[in-house]
Amino acid sequence: MQEEIIKYENIGKFFGSKKVISDFSIRILRGGKILLRGKSGTGKSTLFKMLLGFEKPSEGLLYYRGKPVNSQVAWEIRKEVSYVSQDTDLGQGSVKDLLDEIFTYLPNREKRSPEKLNTLMKEFELEKDTLGKNFENLSGGEKQRIGILIALMLGRDIFLLDEATSALDSELKKRVVDHFLKHEDWTLFVISHDKEWERDEVEIVEIGKDEFS
Amino acid sequence: MASPDISIPSLILCFLLLAVPLVISYRVKLNVVGKTINSVSRMTVQLFLVGVFLTFIFELNNRVLNLAWLLGMVTVASYTTIRNVDLKMEKLFLPVILSFTAANLSVLLYFNEFVLDLGNLLEARYLIPIGGMILGNSLSGNVVGIGEFYEDIRRNENRYLYNLSLGASRYEALLPYIRKSLRSALRPTLANIATAGLVFLPGMMTGQILGGASPLLAIKYQISIMITIYVSTTLSTTLSILTATQATFDEFGLVRKEIYKENKEK
């Protein structure tokens with residue numbers, strides 16, 4: 001039987017008095033590929049943040065590999081799960097320096113690989129001189145590709161992708177989706193409005209369809 | 001040659017100089033007349049009381065009392081630092097006061113023992129004024145350092161969270177913010193050190209020359225005190241930020257929003 005990686009059980013979330021997420025449940029097994037869709041404001045990103053320990057559910061239970069997500073498990077998740085946010089923000093400095101810093105983090109030290117970096121940069125059409133540029137001066141699309149590249153460099157096999165391809169052109173979107181989907185054993189939990197993610201092997205889950213509040 | 005005395009009538013003549021800013025404020029509608037009178041009155045009363053207390057303390061020169069006076073100054077400096085950074089007192093006071101005490105006291109005692117070679121490390125005449133100079137500079141450094149650190153974390157929260165999501169420990173994710181705030185905190189002290197003697201004659205040196213010391217002795221004091229100030233500002237700001245993070249971040253590594261005075265959050 002496939003290992004259960006993530007389980008949301010009757011999750012609810014209030015921001016002030018407004019209920020943003022209501023009774024959300026899902027089980028994601030190893031190798032599962034889920035595309036989460038819903039209008040903006042339905043709390044999709046919040047669900048990812050809960051898993052990373054950045055938000056707490058107001059109701060319900062959240063499990064990672066069978067364990068309820070508490071602070072200890074959240075730190076574990078951050079070492080095992082790759083998260084790409086809508087706007088990758090690495091701050092000021094050259095892309096190379098900022099990438100180097102990520103590989104000084106204890107869980108990532110063994111993952112530094114200039115060869116892999118080169119291959120991925122070519123695959124996602126990032127020019128070599130991108131590394132020397134100030135991250136803040138990159139275009140939205142370049143920043144997104146750097147975010148994806150980091151996620152792939154870390155060599156993890158569970159991914160939370162939050163509108164990770166929204167600023168890319170259709171050809172690049174397809175290339176990114178192909179890259180993620182060619183690994184059958186990878187567990188993908190994706191938030192996206194991009195049609196490129198709608199493939200046979202991807203299960204689509206709608207959130208907040210009948211919610212008006 | 002000691003400094004000439006300033007008689008009370010002479011002091012009153014000095015107060016008359018204040019007419020200049022007051023007239024300017026009135027004419028240009030700066031609206032600082034009230035503030036000027038308030039600040040100058042406060043300064044006069046505070047310094048007068050300090051003068052009386054110091055005379056008493058110098059005469060008594062009791063080690064315990066001297067140390068207690070210094071710890072009182074540390075408490076006021078810590079309190080003032082937090083008051084000036086728009087953060088709430090309760091979570092920050094203990095880390096800041098501990099850092100101020102550890103950093104400034106150790107540097108001050110080192111200075112008294114090895115630089116001044118005092119027989120009595122807690123000699124009031126040195127402990128209190130030099131302690132005051134070190135603390136005053138630490139205060140400015142900490143206001144900039146702590147203030148910028150927490151403001152930067154709040155402004156760039158997504159960046160910080162992203163670094164946590166990549167597997168950084170709290171310390172690893174905070175390191176860029178610590179670096180940036182320490183640089184800002186030390187910049188004014190470094191600029192003062194670099195321009196000492198060129199742009200201005202530093203206060204301590206001026207005081208000693210006015211008091212009758214030779215300029216060569218005065219510069220030796222000034223060089224030592226500037227180094228001491230730089231070291232204590234670096235040490236106290238670093239310690240404050242590092243110890244404050246223990247109390248102001250939760251077990252998930254997130255900054256506790258309730259420490260900010262005005263909640264700009266959703």
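Side chains are part of it too, since the values below use all heavy atoms of this structure and drop only hydrogens, waters and symmetry mates. Sequence lines set the chain letters: A, B, ... in the order given, protein chains first and strands last, and positions in each chain run from 1.
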For this session: State whether the number of non-hydrogen atoms from other residues, nucleotides or ligands found under 6.0 Å of B:Gln46 atom CD is greater than 12.
Result: yes
For this session: Decide if atom OH of A:Tyr63 counts as having more than 12 heavy atoms of other residues, nucleotides or ligands within a radius under 6.0 Å.
Result: yes
For this session: First locate atom OH of B:Tyr162, then atom CD1 of A:Ile102, and finally report the distance between them rounded to the nearest 0.5 Å.
Result: 5.5 Å
For this session: Flag yes if more than 12 heavy atoms outside B:Arg256 fall under 6.0 Å of its CZ atom; otherwise flag no.
Result: yes
Exercise. Between A:Tyr105 and B:Asn163, which heavy-atom pair has the shortest distance, and what is it?
Worked result: OH-OD1, 3.1 Å
Exercise. Heavy-atom count around B:Lys35 NZ within 6.0 Å, excluding the residue itself: above 12?
Worked result: no
For this session: May I ask you to test the A:Trp75-B:Arg170 pair for a side-chain heavy-atom distance under 4.5 Å?
Result: yes
Exercise. Measuring heavy-atom distances to chain B, does A:Glu101 have an atom under 4.5 Å in its side chain, in its backbone, in both, or in neither?
Worked result: side chain
For this session: Check the surroundings of atom CZ in A:Arg112: do more than 12 heavy atoms from other residues, nucleotides or ligands lie under 6.0 Å from it?
Result: yes
For this session: Please check if atom NZ in A:Lys133 has more than 12 non-hydrogen atoms from other residues, nucleotides or ligands closer than 6.0 Å.
Result: yes
Exercise. Among A:Leu154, A:Asp87, A:Ile150, who wins on heavy-atom pairs under 4.5 Å with chain B?
Worked result: A:Ile150
Problem set entry | NZ/A:Lys111: more than 12 non-hydrogen atoms of other groups inside 6.0 Å | yes
Seminar exercise, completed: Residues A:Gly53 and B:Phe252: closest non-hydrogen pair is O-CD2, 3.5 Å
Exercise. Where on A:Asn70 is there a heavy atom nearer than 4.5 Å to chain B: the side chain, the backbone, both, or neither?
Worked result: backbone
Problem set entry | Sidechain N-carboxylate O distance under 4.0 Å for A:Lys79, B:Glu172 | no
Exercise. Rounded to the nearest 0.5 Å, how far apart are NZ of A:Lys49 and CG of B:Asn158?
Worked result: 5.5 Å
For this session: Please name the pair of heavy atoms, one in A:Arg156 and one in B:Leu166, separated by the smallest distance, quoted to 0.1 Å.
Result: NH2-O, 2.9 Å
Exercise. Can you tell me if CZ on A:Phe14 sees more than 12 non-hydrogen neighbours from other groups inside 6.0 Å?
Worked result: yes
For this session: Taking all heavy atoms of A:Lys56 and all of B:Asp250, pick out the closest pair and write down the distance.
Result: NZ-OD2, 4.0 Å
Exercise. Can you check whether B:Leu164 reaches A:Leu52 side chain to side chain, under 4.5 Å on heavy atoms?
Worked result: no
Problem set entry | Which portion of A:Leu160 sits near chain B, non-hydrogen atoms under 4.5 angstrom | neither
Problem set entry | Minimum heavy-atom distance between A:Phe54 and B:Leu161, given as atom pair plus value | CZ-O, 3.1 Å
Exercise. So which part of A:Thr104 gets closer than 4.5 Å to some heavy atom of chain B, the side chain, the backbone, both or neither?
Worked result: backbone
Exercise. Quick one: what part of B:Ser169 sits under 4.5 Å from any heavy atom of chain A, side chain, backbone, both or neither?
Worked result: backbone
